[in-house]
Structures are given as structure tokens and as C-alpha cells.
Amino acid sequence: MVKRTSGNVGKSGKTGKSGNTGRSRNISKQQQAIYRRRRIVVAVLLVVALALCGGIVFGVVSAVRGLTGGSQAQSSQSQSADRSKTKSGSETDTKNSASSDSASDTASADDSASAKPKKTAGIPDCTASDVDLSLTAQTAVIGVGGTVTFKAAIDHRGDQDCLIDSSTSGLVLTISSGDKQIWQSDSCPADSNLLLMHGSDKYIQSITWNANSSGSKCVADADLPKVSAGTYTATLALRDAPKAKSDQLSVTVQ
């Protein structure tokens with residue numbers, strides 16, 4: 001019996017030689033240097049790119065901050081200017097208000113001094129020893145329902161200054177018939193008109209009588225009844241100093 005030999009197995013050993021193809025390839029030193037240079041160049045480019053990006057971002061942020069800061073500065077300056085104007089206006093208003101109040105107080109004081117000189121100046125009222133009163137008439141004869149105008153004169157002859165009320169309520173003209181009072185100029189109230197009499201001052205005032213009679217109440221002159229024909233006497237006197245009076249003056253109504 002013939003046995004087959006396994007010599008083919010030896011041939012298969014040739015395939016084992018092909019295993020050498022799995023070995024790593026050897027790189028020369030020159031190629032390694034080239035690879036290193038390439039890596040360095042890439043790293044440098046990457047760093048430059050990052051630096052550029054960072055610079056751009058920083059520039060944008062700085063610009064935004066600059067714009068925002070400028071707007072805030074302008075707003076702050078505007079607010080400061082507004083506050084300054086407001087403060088200045090308030091101070092001006094306060095000064096104007098103070099000036100107005102001062103002027104008003106001064107005007108009030110002046111008015112009070114004019115209206116009440118007795119209180120502010122301390123000057124006494126005129127008496128019979130300070131002034132002389134006289135009375136003259138435009139005419140001594142008038143018709144019934146006629147009119148006569150008197151000139152009332154006040155002459156200062158005292159050594160001291162004094163005050164006199166020259167209104168028709170203070171300087172009173174009285175028309176009488178015998179012992180009966182027919183008409184008085186103070187039958188209706190009048191605002192006072194105070195005069196300062198000094199040295200040889202003289203004051204003259206006109207008072208008209210329309211030949212009518214007045215009563216105890218204030219009635220419009222046009223509504224007063226006319227007097228009858230007769231002889232009447234006129235006298236001028238100071239209300240606050242009855243002893244200071246003029247001589248009687250006769251007027252005839254016919």
C-alpha cells in the first residue's frame with residue numbers, strides 16, 4: 001500500500017514569508033523635519049488667527065462701550081444743565097418773589113402811612129389853637145332851588161404841625177335857620193382826606209349847597225327837599241374840634 005506524502009506542506013511555508021509586509025515603514029530624518037515644520041507653521045497660523053479674532057472682538061466691545069459711555073455722558077451733561085437751569089430759575093423766582101413781597105410790603109406800608117398818618121407819624125389833630133377857619137360865598141342871594149358855592153379856607157397859625165381831615169365829613173359846612181339845622185355836608189359819609197398843616201400853610205376847598213334840607217339819614221342830594229325862601233346862615237367847623245369854626249355867613253333864598 002502506497003502512502004501519500006505531505007510534501008505540499010513545505011510549500012505552504014512560503015506563505016509565511018509574506019508576513020513581512022505588516023512591518024512599519026521607516027521615515028527618514030528629512031521627512032520628520034518637514035513634518036515638524038508643517039506643524040509649527042499650522043500652530044503659528046492658528047495663534048495668529050486667534051489673536052486677530054480676539055483683537056476684533058476687543059475692538060467691537062471698546063467701540064460699543066465708547067458709544068454707550070458717550071451717550072451717558074451727554075445725558076449726564078444734559079441732566080446737569082437742566083438741573084442748573086432749574087436751580088437758576090428757582091433762585092430767580094425766589095428772588096423775584098422776595099422782591100415782589102418786599103415791594104408789596106413797602107406799598108402796603110406807604111398806603112397805611114397815607115391812610116393813617118396819626119398812627120405812623122404821631123402827629124396830633126389840629127385844634128382851634130392851631131388853625132383859623134373862614135368862609136366866603138360866591139353869591140349872597142339865590143333863588144328857591146338855586147345853588148351857592150362856598151369857599152372854605154383853613155389857615156395854619158400854630159407852632160406845631162398838625163393833621164386835619166379836609167373831607168366833607170371832617171370839614172363840615174352847616175346851614176341853619178335860627179337855631180334849627182337845615183343842612184350839613186356830613187349827612188352822608190365820605191372818605192377821609194388828611195392834610196398835614198405846617199408853618200403858614202393855607203388850604204382852600206369848595207363846598208356847594210343846592211338850597212335843600214337834609215335829615216338824619218343819608219339821602220341823595222337830588223332827592224332832598226328844597227328849602228323855602230328866607231335867610232339862612234352858613235358856618236364852617238372841624239368835626240373833631242368843634243371850637244374851631246368860622247364866623248357865620250348869611251345867604252338869602254328868595
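Computation of the quantities below employed the complete heavy-atom set of this structure, encompassing side-chain atoms and omitting hydrogens, waters and symmetry-equivalent molecules.
- When all heavy atoms of R239 and V172 are compared, the closest pair comes out as CB-CG2, 4.1 Å.
- When every heavy atom of S185 is checked against every heavy atom of T168, the shortest pair comes out as OG-O, 3.0 Å.
- Residues A237 and P242 share a closest heavy-atom pair of CB-O, 4.4 Å.
- Partners of S250 under the side-chain hydrogen bond (donor to acceptor under 3.5 Å, both in side chains) rule, at least two apart in sequence or in another chain, do not exist in this structure.
- Residue pairs meeting the side chain to side chain donor-acceptor pair (under 3.5 Å) criterion with at least one member in residues 220-230, sequence neighbours excluded, are N210-D221, N212-D221.
- Between the Q184 side chain and the I175 main chain, no donor and acceptor come within less than 3.5 Å of each other.
- In the hydrophobic clustering of ILVMFWY residues, with side-chain heavy atoms under 4.5 Å counting as a link, I207 and V253 come out together.
- The heavy-atom pair separating T208 from W183 by the smallest distance is O-CH2, 3.8 Å.
- Neither side chain, S167 nor S169, offers a donor N or O lying under 3.5 Å from an acceptor on the other.
- Closest of all the heavy-atom pairs between D161 and H156 is CA-NE2, 4.5 Å.
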Do I182 and K180 pass the side-chain contact (heavy atoms from CB on, under 4.5 Å) test, and can you show the C-alpha distance, the side-chain angles, and the key distance before you say yes or no? CA-CA 6 Å; I182 302 298; K180 182 180 180 182; 4.2 Å; yes
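- Pairs passing the disulfide bond (SG atoms under 2.5 Å apart) check and including a residue from residues 221-254, sequence neighbours excluded, do not occur.
- Counting only residues at least two apart or in different chains, disulfide bond (SG atoms under 2.5 Å apart) contacts with residues 135-209 comprise C126-C162, C188-C218.
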Would D165 and S192 count as a side chain to side chain donor-acceptor pair (under 3.5 Å) here? Give the steps. CA-CA 6 Å; D165 182 4; S192 62; 5.0 Å; no
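- Among residues at least two apart or in separate chains, ring-ring contact (aromatic ring centres under 6.0 Å, His included) pairs with a member in residues 224-254 are W209-Y232.
- For T139 against V148, the heavy-atom pair with the smallest separation is O-CG2, 3.4 Å.
- Counting Ile, Leu, Val, Met, Phe, Trp and Tyr side chains that sit under 4.5 Å apart, directly or through other members, I204 stands alone, with no cluster partners.
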Applying side-chain contact (heavy atoms from CB on, under 4.5 Å), run through I34 and R37 and close with a yes or a no. CA-CA 5 Å; I34 292 172; R37 285 196 294 271; 3.3 Å; yes
Check step by step if side-chain contact (heavy atoms from CB on, under 4.5 Å) holds for D130 and Q160. CA-CA 8 Å; D130 298 314; Q160 63 176 355; 4.0 Å; yes
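- A donor-acceptor pair shorter than 3.5 Å can be found between the side chains of S206 and K151.
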